[in-house]
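The chains referred to below are lettered A, B, ... by the order of the sequence lines, with proteins before strands, and numbering in each begins at 1.
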There are 2 protein chains.
Amino acid sequence: MSNAPDVLFRTLADPTRRALFERLCREGEKTVGALTARAGVSQPVVSKHLGILKQAGLVRDRHEGRQTHYSAQLGALAPLIDWTSEMAGFWQNRFNDLEDLLKRMDQ
Amino acid sequence: MSNAPDVLFRTLADPTRRALFERLCREGEKTVGALTARAGVSQPVVSKHLGILKQAGLVRDRHEGRQTHYSAQLGALAPLIDWTSEMAGFWQNRFNDLEDLLKRMDQ
DNA sequence: ACCGTGCATAGCTTGTTGGCTATGCATCGA
DNA sequence: TCGATGCATAGCCAACAAGCTATGCACGGT
């Protein structure tokens, strides 16, 4: 299996794709047609991006007749938050180490 | 000016580049040579990635003789955290709206 | 049963990008 | 001063990815 933050970063790196995800976060569930209307790209492109977002676990789809409704899956952002916290944590640890060193030097 | 989270996502989307940033977060300041030794790619590639990370504000460089020391700039991650919080916020708001609706329906 | 509609898939084209080698430039040591 | 070393830049190539149009497929309405 591929690393989780890697998939998220790759998926959210594309502006069009990220815009779709943002809209789903802001406005809730939308059909492909509704998303296409204001996406600035063709319908097949929207479908493709939604497929990629789905693979990344960032969206969910629900079929209703011949329409497909997509909605954001916010929980999928967790690895991103974890990664950020981890980076911050490393930084903090190094800072603490420095503090300790300075304390020891001070004695 | 380009959108801040966009630059961050694009910059961190590349595994090699993100690995470099992670090492700088974990291990602190490193020279280009030290980074190259375990990067799995050639030195010019490392330099190039460091340049891109620098442009994104994610790293800082310090020249000392003929060596260049790079270090992580953790503050640059702020827009990423903001973006994530914003998305979570939208989701929360929609949830609250739904709660309100249910409450009103309950009356 | 048929046509229209909504979405997905296929196939193609093009721009971007991440890798390489070769080279330039500055600094340090002898 | 001259060779070696450390890093940056240049130039090239291959792979990928994002866009398009055309088409397929399934469902709904009439």
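Residue A:Val45 is the one, among A:Val45 and A:Glu64, whose nearest nucleotide of DNA chain D lies closer to the 5' end (criterion: closest heavy atom). Between A:Asp14 and B:Pro44, the residue anchored closer to the 5' end of DNA chain D is B:Pro44, taking for each the nucleotide with the nearest heavy atom.
Transitive grouping of hydrophobic side chains (ILVMFWY, heavy atoms separated by less than 4.5 Å) keeps A:Leu20 and A:Ile52 in distinct clusters.
One interatomic measurement links the two molecules: NZ of B:Lys48 to P of C:dT17, which rounds to 9 Å at whole-angstrom precision.
The phosphate of C:dT21 has neither OP1 nor OP2 within less than 4.0 Å of any side-chain N or O from B:Ser42.
The CG atom of A:Leu24 lies 10.5 Å from the CE atom of B:Met87; values are rounded to the nearest 0.5 Å. In this structure, A:Thr31 OG1 and A:Asp61 CG are separated by 12.5 Å, a value rounded to the nearest 0.5 Å. Between the CG atom of B:Leu8 and the CH2 atom of B:Trp83 there is a distance of 11.5 Å, given to the nearest 0.5 Å.
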Inset, instruction - Give the B/S/- string for nucleotides 1-7 of chain C, one per nucleotide from 5' to 3', where a protein heavy atom under 4.0 Å of the base yields B, of only the sugar-phosphate yields S, and otherwise -. - result: ---BBSB

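Applying the 6.0 Å contact sphere to CZ of A:Arg60 captures no more than 12 heavy atoms from other residues, nucleotides or ligands.
Of the residues in residues 52-61 of chain A, none has a non-hydrogen atom less than 4.0 angstrom from any atom of DNA chain D.
Checking side-chain atoms of A:Arg10 against main-chain N and O of B:Ala13 turns up no donor-acceptor pair under 3.5 Å.
Note on A:Asp14 versus A:Arg18: no salt bridge recorded, every NZ/NE/NH1/NH2 to OD/OE distance being 4.0 Å or above.
Here the closest non-hydrogen pair linking B:Val32 and B:Tyr70 is CG2-CE1, 3.6 Å.
First and last contacts of DNA chain D with chain A, using any nucleotide atom under 4.0 Å from a protein heavy atom and ordered 5' to 3', fall at D:dA18 to D:dG28.
Here the side chains of A:Lys30 and A:Arg23 are in contact, with some heavy-atom distance below 4.5 Å.
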Legend entry - Candidate pair A:Leu74 and A:Leu77, rule side-chain contact (heavy atoms from CB on, under 4.5 Å), full reasoning: CA-CA 6 Å; A:Leu74 206 67; A:Leu77 287 179; 3.8 Å; yes

